[in-house]
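The next block holds one structure in the form of structure tokens; read it before the comments.
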Number of protein chains: 2
Amino acid sequence: MFSAPASHRRLAAVGTDLPPGTAPDGSRGQILSESLRLFAEQGYGAASIRDIASRVGIKGASLYSHYPSKAHVLAELVRIGHEEHFRRMRDALLAAQPDVHVQLAAVVRAHVCAHAEYPMLAVVSNSELHALPEEFAAPLLAIRRQSEMLMLDVIQRGVNLGVFKVPDIQLAMTAIGAMGLRVAHWYTPDSGKTPEQIADTYALFAARLLGVTA
Amino acid sequence: MFSAPASHRRLAAVGTDLPPGTAPDGSRGQILSESLRLFAEQGYGAASIRDIASRVGIKGASLYSHYPSKAHVLAELVRIGHEEHFRRMRDALLAAQPDVHVQLAAVVRAHVCAHAEYPMLAVVSNSELHALPEEFAAPLLAIRRQSEMLMLDVIQRGVNLGVFKVPDIQLAMTAIGAMGLRVAHWYTPDSGKTPEQIADTYALFAARLLGVTA
DNA sequence: AAAACAAGCTAACGTTCGCTAGCTTTCAAT
DNA sequence: ATTGAAAGCTAGCGAACGTTAGCTTGTTTT
């Protein structure tokens, strides 16, 4: 029961940014953007088609010219969120070969930055996936497992090399992952900290957590 | 997007335990218990009065003999969750005077154990509070702030004493808090790890994160 | 025995939900 | 000028929602 926004809101952020190039033009994009805000603030179940449409400036029925169902809108948002997260982690890792300390910092930084730069997308991707029927969720869970594997592999390699020392690799990964996840709930640009500054501090925390003493 | 249950469920646990002495006898207690399961698995908005009642073995209307509204049921669950969490943290801290390393371990252990032993209660307390109207949420947020303060004070004291070294105290607290929060989502007794074992490992992680090298 | 109460029931209210059918408007391409 | 697709609209369906009213039944208290 920690690190939530001061009010009873689900997250502190107010921007509905989507990664560049992921939102279609016109009404389709506006529907995605306004759905993102409402799903993040109220949850998928509590956000109605009519709510979304009225923010876009159209009627509820007109939304079905653009998406076949409410679930398709959520699935699209979660897909964008998971793909962006995975892409950032993978790219950061590829650019950080071959030192395992540098790799760890890169992957933690990418993880944290993704959650700080797109907090609404992260909250929806993480907290609303359960609302999707299984056939929608399955390919998204596959992406999630790939992202986990990226971090787990770095930790495993560090342990094999003897530079990381932990009682349990899985517990270390869930701990580091959780730190970054939670950023999406409390981060706001008003805090005076940039995502990069937070990411740097969390990368330090991750290294220390893994037994790196420097 | 880490450390979730393998499926698209919101949490891995299946037990609906409430802390001893917190659930009333009879139907009132059953309503609390079944509401806890449904709120945790599906979210407050997606769980209907009729769902809850049918699991208790009564009709939806009969539920109103015991609670004045659906929101009152949620508020009661969140109150129980927050009070149990705070009580454990405070008691652990009081029993751990005066060494700051011992205090840190105690407070982190209490935090983690509360989330592992009552995962459904923790998920509901943390993820569904936003569904309550503000007048219900305000006193619960006050408890939450007290719990945060307990951990923050320990960290602050350690930093003042020079035994903890971090770039940012607030970031350290959110990181440590987040690690424990997330346990509620993936923990299940089947894993072969006890809450105490996980808590011990996380206490080690927290100490390392704060720059303790031992 | 009578009265009061507790705890359940059926029926229904008004609202909102996701979604569909079918119509109008706009506007670019033929 | 005509056509045809795109994108909006109104109206409404059936279902589910939280909640209320009023009744029955069984137990406890007076």
Side-chain angles (χ1 to χ4, degrees), chain A residues 8 23-79 124 127-137, chain B residues 8 10 23-78 124 127-137:
Chain A
H8 67 305
D25 291 341
S27 292
R28 276 182 71 92
Q30 284 186 59
I31 290 168
L32 271 191
S33 177
E34 297 298 334
S35 297
L36 175 57
R37 155 168 279 127
L38 287 167
F39 292 168
E41 290 177 349
Q42 314 179 5
Y44 174 75
S48 77
I49 290 287
R50 289 168 177 85
D51 276 349
I52 298 165
S54 91
R55 300 221 185 194
V56 175
I58 61 178
K59 300 295 177 181
S62 305
L63 195 144
Y64 290 85
S65 306
H66 301 284
Y67 291 93
S69 81
K70 188 185 172 190
H72 281 81
V73 178
L74 175 59
E76 176 74 355
L77 286 170
V78 178
R79 184 192 62 80
V124 169
S127 305
E128 303 296 337
L129 190 142
H130 73 98
L132 289 172
E134 188 141 21
E135 62 269 24
F136 284 71
Chain B
H8 67 305
R10 291 183 82 197
D25 291 341
S27 292
R28 275 183 73 92
Q30 284 186 58
I31 290 167
L32 270 191
S33 178
E34 298 298 335
S35 297
L36 175 57
R37 155 168 279 128
L38 287 167
F39 292 167
E41 290 177 349
Q42 314 179 5
Y44 174 75
S48 78
I49 289 286
R50 288 169 179 84
D51 277 349
I52 297 165
S54 90
R55 300 221 183 193
V56 174
I58 62 177
K59 299 295 177 181
S62 304
L63 195 143
Y64 289 84
S65 306
H66 301 284
Y67 291 93
S69 80
K70 188 185 173 189
H72 281 81
V73 178
L74 175 59
E76 177 73 355
L77 286 170
V78 178
V124 169
S127 304
E128 304 296 336
L129 190 141
H130 73 98
L132 288 172
E134 188 140 21
E135 62 270 23
F136 284 70

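All chains are named by letter (A, B, ...) in the order of the sequence lines, taking the proteins before the strands, and each is independently numbered beginning at 1.
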Problem - Qualifying side-chain hydrogen bond (donor to acceptor under 3.5 Å, both in side chains) pairs, either residue in residues 46-59 of chain B, two or more places apart - result: none

Exercise for the section: Keeping the roles fixed (side chain from H8(A), backbone from A131(B)), state whether a donor-acceptor pair exists under 3.5 Å. Expected result: no

Exercise for the section: Taking Y44(A) for its side chain and V124(A) for its backbone only, find out whether a donor-acceptor pair lies under 3.5 Å. Expected result: no

Exercise for the section: Would you mind listing every ring-ring contact (aromatic ring centres under 6.0 Å, His included) that reaches into residues 48-67 of chain B, with sequence neighbours excluded? Expected result: none

Completion exercise
Contacted region of DNA chain D by chain A, from 5' end to 3' end of the hits, cut-off under 4.0 Å to heavy atoms, spans dG8(D) to dG12(D)

Problem - Residues forming a salt bridge (Lys or Arg N to Asp or Glu O under 4.0 Å) with R79(A), sequence neighbours excluded - result: E76(A), E83(A)

Exercise for the section: Would you please name every residue forming a salt bridge (Lys or Arg N to Asp or Glu O under 4.0 Å) with R28(B), sequence neighbours left out? Expected result: none

Handout entry: Heavy-atom protein contacts under 4.0 Å, nucleotides 4-11 of chain C, coded B base, S sugar-phosphate only, - none
Key = ----BBBB

Would you tabulate the nitrogen or oxygen pairs shorter than 3.5 Å linking the protein to nucleotides 23-27 of chain C?
none

Fill in the blank from the handout: Nearest heavy-atom approach of R10(B) to S127(B) is NH2-CB, 3.4 Å

Exercise for the section: Under the side chain to side chain donor-acceptor pair (under 3.5 Å) rule, collect the residues that match up with E34(B), sequence neighbours excluded. Expected result: none

Problem - side chain to side chain donor-acceptor pair (under 3.5 Å) partners of Q42(A), counting only residues at least two apart - result: none

Exercise for the section: Not counting sequence neighbours, which residues clear side chain to side chain donor-acceptor pair (under 3.5 Å) with S69(B)? List them please. Expected result: H72(B)

Exercise for the section: Using the test side chain to side chain donor-acceptor pair (under 3.5 Å), find all partners of S33(B) that sit at least two apart in sequence or belong to another chain. Expected result: T16(B)

Exercise for the section: Kindly state which residues belonging to residues 38-55 of chain B come within less than 4.0 angstrom of DNA chain C, counting heavy atoms of the residue only, listed by number. Expected result: R50(B)

Exercise for the section: Return yes when atom CD of E134(B) has more than 12 non-hydrogen atoms of other residues, nucleotides or ligands closer than 6.0 Å, and no otherwise. Expected result: no

